[in-house]
Amino acid sequence: MNFDKNLPYSQIGTKKGKPMLPKKLQTLLSQKLQEKRTDGTYKAERIIQGPQGPEISLADASKPVLNFCANNYLGLSNHPAIKEAAQKTLETHGFGMSSVRFICGTQDIHKELEQAVSAFLGTEDTILYTSCFDANGGLFENLLGAEDVIISASLNHASIIDGVRLCKAQRKVFQYDKLNELEECLLGSQTDGLKVVVTDGVFSMEGLLAPLDRIAPLCRKYGAILVVDDSHATGFMGENGRGTAEHCGVQEEVDLFTSTFGKALGGASGGYISGKKECVEWFRNCSRPYLFSNSLAPSLVGGALKALEIIRGEEGDTLRARLHENTRYFREKMMACGFRINESPHPIVPIMLGEATVAAGMAEDLLKEGIYVIGFSYPVVPKGAARIRVQISAAHTREQLDLAITAFERLGKRYGVVEWWSDGVME
Ligand SMILES: Cc1ncc(COP(=O)(O)O)c(C=O)c1O
């Protein structure tokens with residue numbers, strides 16, 4: 001193939017020439033992608049011009065739009081003090097590590113961030129990963145063997161499912177909120193090996209909380225290890241923002257937490273496992289995404305340290321209070337409009353719409369009204385359970401929330417999806 005060094009980036013991939021793919025694969029992929037376009041499950045990416053925030057500029061929109069689909073729960077993604085900390089760390093610790101942690105990729109700040117996370121959560125030790133996807137991918141494989149059992153909640157994130165798949169332990173699934181199912185799984189696991197229960201703290205497509213106050217005692221009763229992925233709760237759920245376990249009053253009873261720096265904690269990237277020190281030491285020696293992948297970049301570490309400092313201070317309290325007040329307001333108003341949404345204190349608010357084409361069409365029309373939201377459909381959620389997932393932030397103003405509610409109401413009527421209530425009772 002001839003490489004044209006002067007081809008503008010925007011024209012990469014547009015040159016006509018000999019097809020690079022075998023014809024069979026090309027035909028298959030184009031058929032499958034067409035199917036996705038037809039059934040409304042094709043995922044197009046919108047280009048943001050500028051930083052993340054409650055109001056953003058999109059490349060294909062004529063004016064700025066209000067953003068209701070970021071995990072920017074506390075509004076820290078473009079926080080001046082976090083950016084300054086990241087910039088400073090860039091100066092003091094350089095751009096990249098060019099190494100994995102155990103060769104020559106561990107700096108003082110990596111250790112500092114691990115200690116800061118442990119201090120925040122009240123755990124014994126923490127190990128950093130370049131994402132929470134990697135943390136979940138590296139947790140199970142070398143910890144558990146064929147004699148062990150993993151009991152996984154039904155709505156768990158893809159990264160837990162993939163992490164579990166990598167290990168040889170027996171697998172069981174319980175419906176995330178059915179404690180009798182969990183108990184049956186625990187009782188039915190006649191093994192001399194380990195029992196591990198793993199659940200998201202908050203299920204990302206639903207905004208529903210795992211009932212950790214009831215899961216933890218069962219784990220204790222049957223001697224199971226409890227692992228919680230708290231990606232959608234760290235920083236803002238619970239009185240001090242420690243997450244779902246704090247919210248449920250069982251912070252001390254979780255053996256291992258996994259979470260991300262890519263959502264409320266500044267929203268850049270990076271993840272961790274935090275908990276029992278013996279486990280963390282084992283992961284440093286045997287967890288493959290840690291051993292065989294580059295260290296978290298220094299500027300990300302510096303930014304995450306500042307984000308944690310903010311979250312643990314007075315500003316964190318203020319932002320959490322604002323986030324929960326915004327969430328309560330939005331949920332109440334949307335329910336009053338007649339939309340079908342679940343009951344939860346969480347800023348993920350799924351507006352249930354049923355058909356993928358309705359969710360995609362309505363999201364598209366909302367964008368025309370200046371409200372940026374995303375329709376989710378199969379395979380991300382079950383068939384027939386398509387929805388628009390709204391995400392509230394502490395950075396949204398009351399006026400912005402009202403603009404979104406008004407636009408939803410107008411379009412909800414047009415699409416005929418606000419008929420879910422009869423006599424004030426949800427069907
Ligand atoms: C529950 C859960 N776990 C893990 C992840 C992955 O986090 P990261 O972006 O750090 O890989 C996500 C992100 O969507 C998530 O929602």
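Order of listing sets the numbers, starting from 1, for every ligand and every atom in it.
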Chemist: Given the ring of F236, does R320 sit roughly above its face, with NZ or CZ under 6.0 Å from the centre of the six-membered ring and within 45° of the axis?
Modeler: no
Chemist: Which protein heavy atom lies closest to atom 3 (N) of ligand 1, and at what distance to 0.1 Å?
Modeler: D229 OD2, 2.5 Å
Chemist: For atom 11 (O) of ligand 1, what is the closest protein heavy atom, and at what distance to 0.1 Å?
Modeler: F133 N, 3.0 Å
Chemist: Would one find more than 12 heavy atoms of other residues, nucleotides or ligands at under 6.0 Å from atom CD of E239?
Modeler: no
Chemist: Does the pair K195/D148 count as a salt bridge with the N-to-O cut at 4.0 Å?
Modeler: no
Chemist: What part of S231, side chain from CB on, backbone N/CA/C/O, both or neither, has a heavy atom under 4.0 Å from ligand 1?
Modeler: side chain
Chemist: Considering only protein heavy atoms, which is closest to atom 5 (C) of ligand 1, and at what distance to one decimal place?
Modeler: H157 CE1, 3.4 Å
Chemist: Of all the non-hydrogen atoms in the protein, which one sits nearest to atom 13 (C) of ligand 1, and at what distance?
Modeler: K263 NZ, 2.8 Å
Chemist: Report, as yes or no, whether the 6.0 Å neighbourhood of atom NZ on K43 holds more than 12 heavy atoms from other residues, nucleotides or ligands.
Modeler: yes
Chemist: Quick one: does Q391's side chain have a donor or acceptor within less than 3.5 Å of a partner on V349's backbone?
Modeler: no
Chemist: If you measure from the Lys or Arg side-chain nitrogens to the Asp or Glu carboxylate oxygens, is any gap between E183 and K221 under 4.0 Å?
Modeler: yes
Chemist: If we only count N/O pairs under 3.5 Å, is H232 in contact with ligand 1?
Modeler: yes
Chemist: What residue and atom, counting heavy atoms only, is the protein's closest point to atom 7 (O) of ligand 1, and at what distance?
Modeler: C132 CB, 3.4 Å
Chemist: When you measure from atom 9 (O) of ligand 1 to every protein heavy atom, which one gives the shortest distance, and what is it?
Modeler: T260 OG1, 4.1 Å
Chemist: Which atoms of ligand 1 have any heavy atom of D200 under 4.0 Å away?
Modeler: 1 (C)
Chemist: List the atom of H110, the atom of L296, and the distance in Å for their closest heavy-atom pair.
Modeler: NE2-O, 2.8 Å
Chemist: Look at ligand 1 and say whether S159 reaches it with a heavy atom at a distance under 4.0 Å.
Modeler: yes
